[in-house]
Amino acid sequence: MTFGISRRGFLAGSAGLIALHPFSVHAATNQAHLRIMETTDLHVHVFPYDYYADKPRDTVGLARTASLVQGIRDEASNSLLIDNGDFLQGNPMGDYIAYERGMKDGDMHPVIEAMNTLGFDASTLGNHEFNYGLDFLMKALAGADFPVVSANVALELGADPTRDKTLIPPYVILDHKVTDGAGQEHAIRVGLIGFVPPQIMGWDRRHLEGKVQARDIVETARAYIPQMKEQGADIIVALSHSGIGAADHSDGMENASVPLAGLDGIDAILTGHSHLVFPSPDYADFAGVDAEAGTLMGKPATMGGFWGSHMGLIDLLIEKDGDAWRVVSAETEARPIARRNEDRSITALVDSDPQVLASVQQEHDETLAYVRRAVGKTDAPLHSYFALVADDPSVQIVSIAQLWYIEQMLKGTEHEGLPILSAAAPFKAGGRGGPEYFTDVPKGDVAIKNVSDLYLYPNTARAVRVTGQQVKDWLERSAGIFNQVEPGASDVVLLNPAFPSYNFDVIDGVEYQIDLSQPSKYDPKGVLINEDASRIVNLTYQGAPLDMEAEFIIATNNYRAGGGGSFPGASPDTTVFEGPDTNRDVIVRYIVEKGTISPRADANWTFKPMPGTTVLFDTGPAAKTYAEDVPGVEIEEAGDGPDGFARFRISL
């Protein structure tokens with residue numbers, strides 16, 4: 001295709017007129033516009049499809065992001081397309097390739113095939129690249145038509161990072177061509193260096209221990225940048241699979257992008273790992289960050305969301321000064337593939353690129369068959385019809401899987417040996433979702449797509465370290481879902497409709513009763529309103545009263561550990577483990593490993609008896625099938641509820 005540039009800053013071609021970026025239009029004779037495009041945290045999302053829910057999804061997919069790429073390339077005379085890591089694992093297609101099909105020598109991984117099709121110039125490794133082991137990783141990388149770099153993972157450590165024997169090349173210097181404002185072509189050497197959180201050594205200990213070692217990100221970069229300059233890099237871009245966090249460097253920090261950007265010699269920085277967007281107001285109050293201008297320590301930076309949701313962009317106006325190039329000006333943005341409307345509906349902003357879809361069509365079809373096929377069995381039904389009034393099997397299986405995972409992750413850490421509890425809440429429990437909005441997986445085969453029925457959200461696993469008192473207060477916060485009931489009252493409405501079910505945490509590993517005659521200690525938003533109130537009674541651990549001074553680990557998710565729901569003891573300050581895996585993935589792995597699961601509720605929590613007192617609650621009509629088998633509570637049908645719900649009565 002032949003293009004010509006008009007005097008008004010448009011590109012004339014067969015597709016019509018395309019507006020050029022101002023940097024391309026206004027570049028002087030010795031200036032050029034270099035555009036850097038970023039994808040990050042793709043997690044094998046090539047098709048715009050949710051394999052867990054088994055339906056299309058307009059907010060994800062490299063095939064959609066790919067449709068942005070050609071237009072972005074057309075807007076600039078010079079561009080690079082770079083991936084910032086976490087491409088190899090993260091959805092059922094990734095698991096299908098790793099656990100089912102496998103990677104033999106010469107096999108092509110579908111996400112690599114899609115990236116080759118789109119013409120990526122380079123990539124770095126993310127922490128999830130290590131989830132399937134080093135052999136799988138290296139076989140997958142062998143198919144890449146582009147260099148993949150990572151500087152801080154070493155097979156053997158040397159006296160300093162530049163003397164390490166790294167797993168893959170630490171950096172690459174691309175010989176590129178740029179066209180200046182006068183139409184003259186110049187050679188430019190663009191250095192790309194990659195980094196991954198050193199926490200991989202804990203997150204994937206079973207795959208990495210004794211095989212590789214990970215260095216601190218900032219210290220590694222400080223060592224390599226002079227070497228890259230010596231080898232002729234005109235411009236250096238850091239591929240930081242690391243989030244935007246504190247401005248002050250600390251050894252081994254996970255989210256090191258801000259102090260990394262502060263190093264002399266780095267001209268621009270691609271970030272990721274956090275599954276957020278930059279520039280955006282999310283980072284308005286961070287030190288060293290200009291969230292409006294899109295800079296970290298004054299350097300242009302971007303973060304392109306996750307799962308292909310955005311294309312991160314950095315536009316550099318570069319100028320040749322003698323034999324050297326320098327950045328004169330920069331702009332950053334993150335372009336979305338979809339828009340969420342005021343009514344929460346989604347509008348797709350781009351179509352899928354047919355070539356990218358075609359490159360992985362076979363693996364997509366095979367993944368659909370995989371998620372629809374049983375990966376295990378359950379010897380009891382998994383339903384949430386009574387999850388708000390009794391110990392429940394659908395919540396139980398989440399708790400069991402979380403505990404199983406956190407026990408493994410804490411081995412070899414300072415927290416190993418502490419008692420581990422597990423907190424989980426029912427997500428599908430009627431309410432505004434309606435009378436059909438409940439988990440209902442029958443006894444028998446469990447398919448991967450059933451896991452979305454058990455766990456709606458793409459949360460990631462976390463663990464917090466708390467005291468016995470915080471365990472009690474955590475449960476007091478959960479007990480706020482119930483209305484206060486006078487002893488002897490008849491048919492009182494039990495549930496407070498203002499309290500969302502996802503904030504009703506059940507903690508497994510302790511036993512307790514809830515005294516409904518007492519007022520709630522917290523309001524529905526978690527604000528302390530009755531300091532002396534105590535609904536949680538007879539709270540025990542291993543048969544003895546819970547020691548309020550003892551320390552415990554609670555397995556939970558990133559929403560809760562990040563302060564979501566305002567639960568006592570759940571905060572970034574108490575978080576001792578931030579897992580790389582989603583809670584969904586944890587559940588799938590647990591089911592695959594166990595083969596047959598037995599998620600029977602054990603009635604570790606009940607209501608304190610209140611003779612002569614009854615309460616009412618509404619649930620799905622299908623609950624009638626299971627009403628006689630709910631442990632620890634006496635339930636009977638009480639007619640029809642409003643809006644298609646069924647009403648039940650509990651005798652306390």
Side-chain angles (χ1 to χ4, degrees), residues 387-392 395 398-399 421-427 429-432 457 459 462-487 489 492-541 545-575 604-608 610 615 617 650 652:
L388 300 180
V389 300
D391 195 27
D392 174 80
V395 175
V398 174
S399 275
L421 312 177
S422 186
F427 296 133
R432 294 178 182 176
Y457 304 108
N459 295 332
R462 295 285 189 271
V464 296
R465 183 167 176 164
V466 299
T467 64
Q469 183 63 57
Q470 289 171 319
V471 171
K472 182 178 186 297
D473 286 339
W474 190 311
L475 293 170
E476 292 284 358
R477 166 75 177 100
S478 290
I481 196 172
F482 303 115
N483 293 321
Q484 189 174 2
V485 179
E486 289 289 332
V492 176
V493 174
L494 176 62
L495 301 175
N496 180 349
F499 195 110
S501 67
Y502 58 76
N503 278 338
F504 179 61
D505 273 2
V506 172
I507 296 184
D508 270 312
V510 291
E511 297 76 38
Y512 56 100
Q513 291 183 317
I514 299 175
D515 186 351
L516 296 177
S517 71
Q518 298 299 307
S520 178
K521 189 169 184 175
Y522 300 91
D523 75 2
K525 294 187 179 297
V527 176
L528 180 66
I529 53 174
N530 293 300
E531 187 172 358
D532 297 328
S534 181
R535 284 185 162 182
I536 303 302
V537 297
N538 299 321
L539 176 58
T540 63
Y541 172 71
L546 188 73
D547 181 350
M548 296 295 119
E549 302 298 323
E551 288 193 302
F552 297 85
I553 299 294
I554 297 183
T556 181
N557 60 55
N558 64 304
Y559 171 75
R560 185 70 77 237
S566 300
F567 277 66
S571 74
D573 292 339
T574 62
T575 299
N604 72 301
W605 76 271
T606 58
F607 295 117
K608 183 180 179 182
M610 295 172 63
V615 293
F617 76 98
I650 294 177
L652 297 173

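Position 1 is the first residue of the sequence; numbering continues from there. Predicted model, so just to flag it, every value in this text is computed and none were measured.
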Looking only at heavy atoms, the pair that brings Leu388 and Ser501 closest together is CD2-CB, 3.9 Å

Across all chains, not counting sequence neighbours, the side chain to side chain donor-acceptor pair (under 3.5 Å) partners of Arg462 are Thr460

With sequence neighbours left out, write down each residue that passes side chain to side chain contact (heavy atoms under 4.5 Å, CB included) with Leu528, or none if nothing qualifies. Lys521, Tyr522, Glu531

If you measure from OG on Ser517 to CZ on Arg535, what distance do you get to the nearest 0.5 Å? 8.5 Å

Distance (rounded to the nearest 0.5 Å) between Trp605 CH2 and Leu539 CG: 14.0 Å

Using the side chain to side chain contact (heavy atoms under 4.5 Å, CB included) criterion, which residues pair with Thr467? Sequence neighbours excluded. Gln469, Gln470

Candidate list Leu516, Asn496, Leu495, test side-chain contact (heavy atoms from CB on, under 4.5 Å), partner Asn483, passing option: Asn496

Phe567: ring pair (Phe, Tyr, Trp, His ring centres under 6.0 Å) partners, not counting sequence neighbours: Trp474

Residues two or more places apart in sequence or in another chain: which of them pass salt bridge (Lys or Arg N to Asp or Glu O under 4.0 Å) with Asp508? none

Worked verdict on Thr540 versus Val510 for side chain to side chain contact (heavy atoms under 4.5 Å, CB included): CA-CA 6 Å; Thr540 63; Val510 291; over 6 Å; no

Is there a donor-acceptor pair closer than 3.5 Å between any side-chain N or O of Asn530 and the backbone N or O of Ala533? no

Sequence neighbours left out, what passes side chain to side chain donor-acceptor pair (under 3.5 Å) with Ser478? Give chain and number order. none

Taking the side chain as C-beta and beyond, is there a heavy-atom pair between Tyr512 and Val506 under 4.5 Å? yes

Testing the basics here: between Thr556 and Ala561, what is the closest heavy-atom pair and its distance to 0.1 Å? CG2-CB, 4.2 Å

Closest heavy-atom pair, Ile507 versus Ala423, reported as atoms and distance to 0.1 Å, is CG1-CB, 4.0 Å

Where Ala424 and Val398 come nearest, the two heavy atoms and their spacing: CB-CG1, 3.8 Å

From Ser422 atom OG to Ile553 atom CD1, the distance as rounded to the nearest 0.5 Å: 12.0 Å

Exercise: identify the closest heavy-atom pair between Asn503 and Gly565: OD1-CA, 3.8 Å

Once rounded to the nearest 0.5 Å, what's the spacing between atom CZ of Arg477 and atom CD1 of Ile536? 12.5 Å

Applying ring pair (Phe, Tyr, Trp, His ring centres under 6.0 Å), can you list everything that pairs with Tyr559, at least two apart in sequence or on another chain? none

Do Phe482 and Phe504 have ring centroids that are under 6.0 Å from one another? yes

For Pro497, check side chain to side chain contact (heavy atoms under 4.5 Å, CB included) against everything at least two apart and list the hits. none

Supply the atom-to-atom distance Leu475 CG to Ile514 CD1, rounded to the nearest 0.5 angstrom. 7.5 Å

For Ser571, enumerate each residue passing the side chain to side chain donor-acceptor pair (under 3.5 Å) test, keeping only those at least two apart in sequence or located in another chain. none

Are the side chains of Val615 and Val493 in contact, using a 4.5 Å heavy-atom criterion? no

Could I get the full list of side chain to side chain donor-acceptor pair (under 3.5 Å) partners for Gln513, not counting sequence neighbours? Asn538

For residues Leu652 and Ile650, determine if any side-chain heavy atom of one lies less than 4.5 Å from a side-chain heavy atom of the other. yes

Output the distance between atom OG1 (Thr574) and atom CD (Glu551), rounded to the nearest 0.5 Å. 11.0 Å

Residues that Ser534 engages under side chain to side chain contact (heavy atoms under 4.5 Å, CB included), provided they are two or more places apart: Lys472, Glu476

Just to verify, what does Arg560 make a salt bridge (Lys or Arg N to Asp or Glu O under 4.0 Å) with, not counting sequence neighbours? Asp505

Hey, are the side chains of Phe607 and Asp515 touching, using non-hydrogen atoms and a 4.5 Å cut-off? no

What is the minimum heavy-atom distance between Ser520 and Ile529, and which atoms define it? O-CG1, 3.8 Å

